[in-house]
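Counting starts at 1 for both ligands and their atoms, in listed order.
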Amino acid sequence: MAKLGVNIDHVATVRQARRTIEPDPVWAAALAELGGADGITLHLREDRRHIQERDLRIIRQTAQVKVNLEMAADPLVTTIALDVQPQQVTLVPEKREEVTTEGGLDVIANSARIKTCMEQLLNVGIEVSMFVDPDPRQIEASHIMGAKAVELHTGRYADAVTEQEQDKEFEALLSAGRYAIERGLVLHLGHGLTYRNVQRIARIPGVCELNIGHSIVARAIMVGFQQAVREMKTLIS
Ligand code: PXP
């Protein structure tokens, strides 16, 4: 059965909307763990739009499950990762203007930068996963570079409008997954997975970890909203 890494970035997005102290992603990480999460995933972006360094440090100290830090192969954030030592780093591309991680990492085009970053992470025993499109060339490059895992980008599958389109994207993930496993890589998948589209992905042979954020945070707001209003009503009355 695939493990679930719960991405808590968007709890921090709500907090940062007011630059206040709530909701605290540290609480969300603890609750995710209580709910059965196998890992906590968080992305420390260069622009600090959601997760802050403080969140990462406290979660690393308090989580009893694996902490998976998503980050760009950038010297500054690498220094932080080396200090905090999450169990796993997932290298992702990062553009300031993007709403979310829009495509997989181009491991081939950025090989020099990635290699420098990876060597430092591997030296201190941090496992590295590469967030790549379901493209055999990128998977092969990740393997050569020394990655332990690849996280295949499921965004195109998630965004597919027609059933045919979804089938095509699913087939691409299936064969890229097979390719990765044949090369001895651990198979992760993530991005855009929801309560509606996850089951097919979870059945991909050999899939080890799914990283899911937005849909879980969205559902949490909805399933908790009624109770939150009721509690405020009680206080007022
Ligand atoms: N995996 C990676 C590498 C990501 O960058 C993200 C988004 O931060 C996710 C998984 C989670 O995607 P979503 O929030 O759409 O579930």
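Listed by number with element, the atoms of ligand 1 under 4.0 angstrom from any heavy atom of Asn211 are 10 (C), 11 (C). Close contacts of ligand 1 with Gly192, meaning ligand atoms under 4.0 Å from a residue heavy atom, involve 12 (O), 13 (P), 15 (O), 16 (O). The contact set between ligand 1 and Ile212, taken as ligand atoms under 4.0 Å from a residue heavy atom, comprises 16 (O). The Asp9 neighbourhood of ligand 1 comprises atoms 8 (O), with distances under 4.0 Å to a heavy atom of that residue. Less than 4.0 angstrom separates some heavy atom of Glu151 from each of these atoms of ligand 1: 1 (N), 2 (C), 3 (C), 10 (C). Short contacts between ligand 1 and Val92, defined as distances under 4.0 Å to a heavy atom of the residue, involve ligand atoms 3 (C).
Between Leu44 and Gln52 the shortest heavy-atom distance is CD1-C, 3.7 Å. Between Ala158 and His191, the shortest heavy-atom contact is CB-O, 4.2 Å.
Classification of Asp167 and Arg200 as a salt-bridged pair holds, one side-chain N sitting under 4.0 Å from a carboxylate O.
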Problem set entry | Check against side chain to side chain donor-acceptor pair (under 3.5 Å), Asn68 and Thr41 | CA-CA 5 Å; Asn68 172 34; Thr41 294; 3.2 Å; yes

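The shell of residues lying under 4.0 angstrom from ligand 1, judged by heavy atoms, excludes Ser215.
A donor-acceptor contact shorter than 3.5 Å is absent between the side chain of Asn110 and the backbone of Arg113. The main-chain N or O of Glu46 is found under 3.5 Å from a side-chain atom of Glu94 such that the two form a donor-acceptor pair. Remark: the backbone N or O of Pro93 is not paired with any side-chain donor or acceptor of Asp106 at under 3.5 angstrom.
The closest non-hydrogen atom to atom 12 (O) of ligand 1, taken over Glu209, His214, His191, comes from His191. The closest non-hydrogen atom to atom 8 (O) of ligand 1, taken over Glu70, His43, Met130, His188, comes from Glu70.
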